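Below: the structure, in structure tokens.
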Amino acid sequence: MADRYARVVVDSRLPQLDRLFEYRVPPGVEGVEPGVRVRVPLRGDRMTSGYVVEVADARAWEGEVADVEKLVSPVPVLRPEVWALARAVADRAAGGAADVLRVAIPGRQARVEKAWLERTGSEAAPLPPLPDVPERAPVLPGLVEARRRIALECAGGVAAVETADGTAWIGRWAIALAALARQALERGEQAILVVPDHREQRQLRLALEAAVGVERVVELDARQKNPERYRGFLRCLDDEPVAIIGPRSAVYAPAARLGLLVVWEDGDPLLAEPLSPWVHARDAALVRQGQSGCALVIAGHARSTDAERLVELGHLEHERVGTHRVRVLPAALADDGRRVPAAAFAAARDALASKPVLVQVGRPGHAPGLRCADCGSRGRCAACGGPLGQRSRGAAPACRLCGRLAAGWRCPSCDGRRLVPVGRGSSRIAEELGRAIPGVPVVVADGDHERLAVDARPRIVVATRGAEPVADGGYGAVVLLDGDALLAHEGLRVAEEAVRQWAGARALAAEGAPVVLAGVVGPAAAALTGPTTVPFAKAELAERRQLRFPPAVRTASVVGTPDAVAEALEALGSADHLDVLGPVPVAGDDARPGEEAHRAIVRFPYNDGARVAGVVRARVLAAASRPRRPGAPARLRIRLDDPEPFDGL
DNA sequence: AGCACGCCGACT
DNA sequence: GTCGGCGTGCTC
């Protein structure tokens with residue numbers, strides 16, 4: 001029989017290796033098919049792992065061809081559509097496809113794989129039919145069938161769902177999204193629903209289990225250990241009509257008949273991959289929708305400027321579901337510097353007669369800062385200069401940057417020894433509220449004290465932003481503190497992010513409950529008091545358009561040796577629609593005397609994205625094959641759509 | 001990355 | 001005459 005040849009994408013971060021390599025499939029190696037993992041030699045006898053992308057009967061490579069060393073696993077974990085997606089996403093981000101695949105495909109677990117292979121081999125139990133669900137008002141009927149693409153603003157509110165262990169309360173958004181997922185499953189298609197983190201994933205899982213049945217929900221939780229992740233991943237390969245939920249990497253789940261792709265809370269920074277090439281799940285979803293033609297829902301309690309741009313462009317249609325009547329009351333801060341305005345106290349006291357009350361705060365711990373009791377100068381870490389803080393009342397002061405305890409602290413300016421707290425963290429606010437409203441239990445929910453849900457009994461729940469538990473029946477009042485400090489930060493997305501976080505807390509209020517927004521006025525406050533956040537997003541976007549800031553434009557940050565940066569900028573050429581900020585010297589890990597790094601920011605319109613990505617990628621490639629000292633960073637690093645340079649603006 | 005190939009200075 | 005400097009190029 002004639003030889004077969006496998007084209008393989010190798011698992012390497014090197015830009016020079018970001019293409020397909022051809023290998024002969026030797027007679028002794030069985031099971032080499034598209035999608036499987038293999039080990040192949042690269043440069044002599046050094047072995048690399050990779051995925052087979054295609055198999056052919058004839059060779060296309062003219063040079064020498066090595067043999068596939070062995071089959072790692074017979075499971076075709078890289079589906080053709082996921083390969084196409086990874087390639088397109090990497091190209092758009094000027095990065096490597098292997099870097100995207102590392103996020104898309106979990107590590108192999110031999111035991112899990114064996115169990116899965118045996119299960120599919122033998123019984124392959126058919127899925128039970130979709131459960132009957134109690135009549136609710138239909139949510140956007142026909143959305144999946146019509147392959148609509150929408151930006152969805154979900155009104156807040158909580159609702160009860162029946163679970164195996166009784167009744168659970170979850171956000172109504174989850175119930176709406178689960179109903180949309182069911183549309184896909186009814187057509188025999190899959191739905192992928194991407195959420196920022198496990199808190200939302202839990203709510204969505206409960207809603208989906210009620211809407212489509214436990215057997216048809218597949219979780220790809222990043223918090224799960226690898227065996228669990230791999231088990232969920234393999235279930236996607238079964239090609240059954242299931243709903244797949246997971247964190248940002250779930251956007252790459254191997255669904256062959258994808259009917260619906262949902263991104264929930266697309267403004268959440270957690271949806272941006274923190275690894276090269278730093279792709280945002282929203283962007284990956286847009287690429288995937290373009291390739292598969294599935295229905296697309298970009299949803300949140302608040303409209304992101306990114307989603308609004310797509311609406312104004314006509315790529316997405318605006319939709320809104322649900323109604324949630326709450327009273328948002330802006331309240332001025334008291335002159336005495338207390339964080340809790342009188343109006344908030346009044347609302348909380350009334351509500352606490354029958355329901356829990358949510359207090360959203362900015363920072364965890366007792367005191368975010370400390371100062372010298374004698375001279376008032378700021379307490380700093382003797383070792384690293386970071387700010388000192390206190391995690392709980394009476395706790396030893398510790399550096400918030402490096403974590404070192406500041407035992408035996410002496411004030412460098414006055415030799416004082418006593419530190420007093422500056423500002424109020426969650427536990428200090430909780431204490432003060434507990435004293436002010438005696439007899440009511442107070443609980444804290446923050447990064448250290450995770451709490452997903454609270455029951456309906458009256459209590460005060462002090463939570464940091466994003467860590468708010470869902471209350472059974474909803475909160476009787478919601479108090480949003482520290483908004484003034486939040487908005488005082490300079491940053492491109494500060495107001496947008498504030499509105500998103502407030503809207504998230506507002507959504508947890510019971511129907512008709514008061515929501516007190518303390519110490520904030522202006523457009524961000526108006527966004528929350530109004531019936532919809534869309535006008536706010538529109539106004540933000542208009543302003544960014546005028547300033548040529550993201551997401552009105554795309555950006556490329558170009559960092560490296562001065563010559564490499566200059567060459568990259570020259571290769572990009574000059575045009576009216578391109579504008580280059582810099583290059584400027586940057587301090588950093590790679591700053592060396594006499595050889596500092598430069599950075600430039602290039603702003604370009606979306607329709608020039610493919611060209612810009614291609615040009616800068618070619619420059620990275622050229623720079624990579626030039627010599628540099630061992631251990632030194634690459635001569636040229638590119639990051640597309642990096643929000644960081646604009647954070648301080 | 002890592003390693004081989006390739007063309008110019010000081011050495012047994 | 002040669003040993004070896006590291007600039008350049010390549011990995012099926």
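Given the structure is predicted, the values throughout are model-derived calculations rather than measurements. Just so we're on the same page: letters track the sequence lines, and every chain starts at 1.
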Can you name the side chain to side chain contact (heavy atoms under 4.5 Å, CB included) partners of [X], sequence neighbours left out?
{"X": "A:Asp197", "result": "A:Arg199, A:Glu200, A:Leu270"}
{"X": "A:Ala256", "result": "A:Arg79, A:Glu81, A:Asp239"}
{"X": "A:Pro227", "result": "A:Gln109, A:Val112, A:Lys225"}

Report task. Go through C:dC12, C:dC10, B:dC3 for me and flag the one nearest to the A:Arg46 side chain. Result -> B:dC3

Rounded to whole Å, please give me the gap between [atom1] in [X] and [atom2] in [N].
{"X": "A:Asp18", "N": "C:dT11", "atom1": "CG", "atom2": "P", "value": "15 Å"}
{"X": "A:Tyr23", "N": "C:dT11", "atom1": "OH", "atom2": "P", "value": "10 Å"}
{"X": "A:Leu20", "N": "C:dC12", "atom1": "CG", "atom2": "C1'", "value": "10 Å"}
{"X": "A:Leu42", "N": "B:dC3", "atom1": "CG", "atom2": "P", "value": "13 Å"}
{"X": "A:Leu621", "N": "B:dA1", "atom1": "CG", "atom2": "C1'", "value": "14 Å"}

Ion pair present between [X] and [Y], side-chain N to carboxylate O less than 4.0 angstrom?
{"X": "A:Arg7", "Y": "A:Glu54", "answer": "yes"}
{"X": "A:Asp563", "Y": "A:Arg635", "answer": "yes"}
{"X": "A:Asp221", "Y": "A:Arg229", "answer": "no"}

Report task. Mind listing the residues from residues 51-72 of chain A sitting with a heavy atom below 4.0 Å of DNA chain B? Number order is fine. Result -> none

**Report entry** Near-strand residues of residues 8-17 of chain A, defined as heavy-atom separation under 4.0 angstrom from DNA chain B
**Finding:** A:Leu14, A:Gln16

**Report entry** With sequence neighbours excluded, residues passing salt bridge (charged side-chain N to carboxylate O under 4.0 Å, His left out) with A:Asp579
**Finding:** A:Arg548, A:Arg603

Query - A:Glu69 (side chain) donor-acceptor with A:Met47 (main chain) under 3.5 angstrom - result: no

